Amino acid sequence: MAAIHVTKDNFKQEVLEADVPVLVDFWAEWCGPCQMVLPIVEELAGEVKDAKICKVNVDEQMELAKEFRVMSIPTLMVFKDGQKVKSEVGAKSKEELKAMLGV
């Protein structure tokens, strides 16, 4: 399954109301490190079964970026039970992302 594109319209449903941990990748098209992480995020989305992988384009979803205080990208956040539990800035390896999710 591919990573889910999240907008302000479906963020609550896809992320906050999820019954599994959710990794959210805040990214932008013009961001070099974001482009390095994107294939890893997509690969992870196809592999993990007990978590959800989502991505937010900060240029299109400025309200979400502002709400979650995204100052640098890529910013990767993990949500559990509707709460942000982890946040990391910068390109991460697949192993680091799995560790963030606890899978």
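Quick caveat: nothing in here was measured; it's all calculated off a predicted structure.
Within a 6.0 Å sphere centred on CG of Asp59, other residues, nucleotides and ligands contribute more than 12 heavy atoms. The neighbour count for Glu63 CD, taken as heavy atoms of other residues, nucleotides or ligands under 6.0 Å away, does not exceed 12.
The ring-ring contact (aromatic ring centres under 6.0 Å, His included) analysis of residues 49-72, with sequence neighbours excluded, yields the pairs Phe11-Phe68, Phe68-Phe79.
Hydrophobic clustering (ILVMFWY, side-chain heavy atoms < 4.5 Å, transitive): Trp30 and Leu64 are in one cluster. Note: the hydrophobic cluster containing Ile4 also contains Phe26 (ILVMFWY, side chain heavy atoms under 4.5 Å, direct or indirect links). Residues Ile53 and Leu76 share a single hydrophobic cluster, defined by chaining ILVMFWY side chains whose heavy atoms lie under 4.5 Å apart. Hydrophobic cluster membership is shared by Val15 and Val58, with clusters built from Ile, Leu, Val, Met, Phe, Trp and Tyr side chains linked at under 4.5 angstrom. The hydrophobic cluster containing Leu16 also contains Val70, counting ILVMFWY residues as joined when their side-chain heavy atoms lie under 4.5 angstrom apart, directly or transitively.
Side chain of Gln61 to backbone of Lys8: a donor-acceptor contact under 3.5 angstrom is found. Here the side chain of Gln35 pairs a donor or acceptor atom with the backbone of Glu29 at under 3.5 angstrom. Formation of a donor-acceptor pair under 3.5 Å by the Lys52 side chain with backbone atoms of Glu14 is found in this model.
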Using residues 96-103 as the side-chain source, report each donor-acceptor pair under 3.5 Å to any protein atom, sequence neighbours left out, with the distance given to one decimal.
from  : atom 1 : to    : atom 2 : distance (Å)
Glu96 : OE1    : Ser93 : N      : 2.7
Glu96 : OE1    : Ser93 : OG     : 3.3

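Here the shortest heavy-atom pairing between Asp50 and Pro21 reads O-CD, 3.5 Å. The two atoms that bring Cys34 and Pro74 nearest to each other are SG-N, 3.6 Å, heavy atoms only.
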- Task: Take Lys86 and Met77 through the test side-chain contact (heavy atoms from CB on, under 4.5 Å) and record every step on the way to the result.
- Result: CA-CA 5 Å; Lys86 290 183 184 161; Met77 295 182 186; over 6 Å; no
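In this structure, CE in Met71 is found 10.0 Å from NZ in Lys66, a value given to the nearest 0.5 Å. Taking NE2 of His5 as the reference point, atom CD of Glu60 lies at 9.0 Å (rounded to 0.5 Å).
Residues Ile73 and Trp27 form no side-chain contact, since every pair of their non-hydrogen atoms from C-beta on lies 4.5 Å or further apart. Within the 4.5 Å cutoff, side-chain heavy atoms of Leu38 are placed close to those of Lys55. Looking at Lys92 and Val37, their side chains never come closer than 4.5 Å, going by heavy atoms from C-beta outward.
Glu17 pairs by the side chain to side chain contact (heavy atoms under 4.5 Å, CB included) definition with Lys12, Gln13, not counting sequence neighbours.
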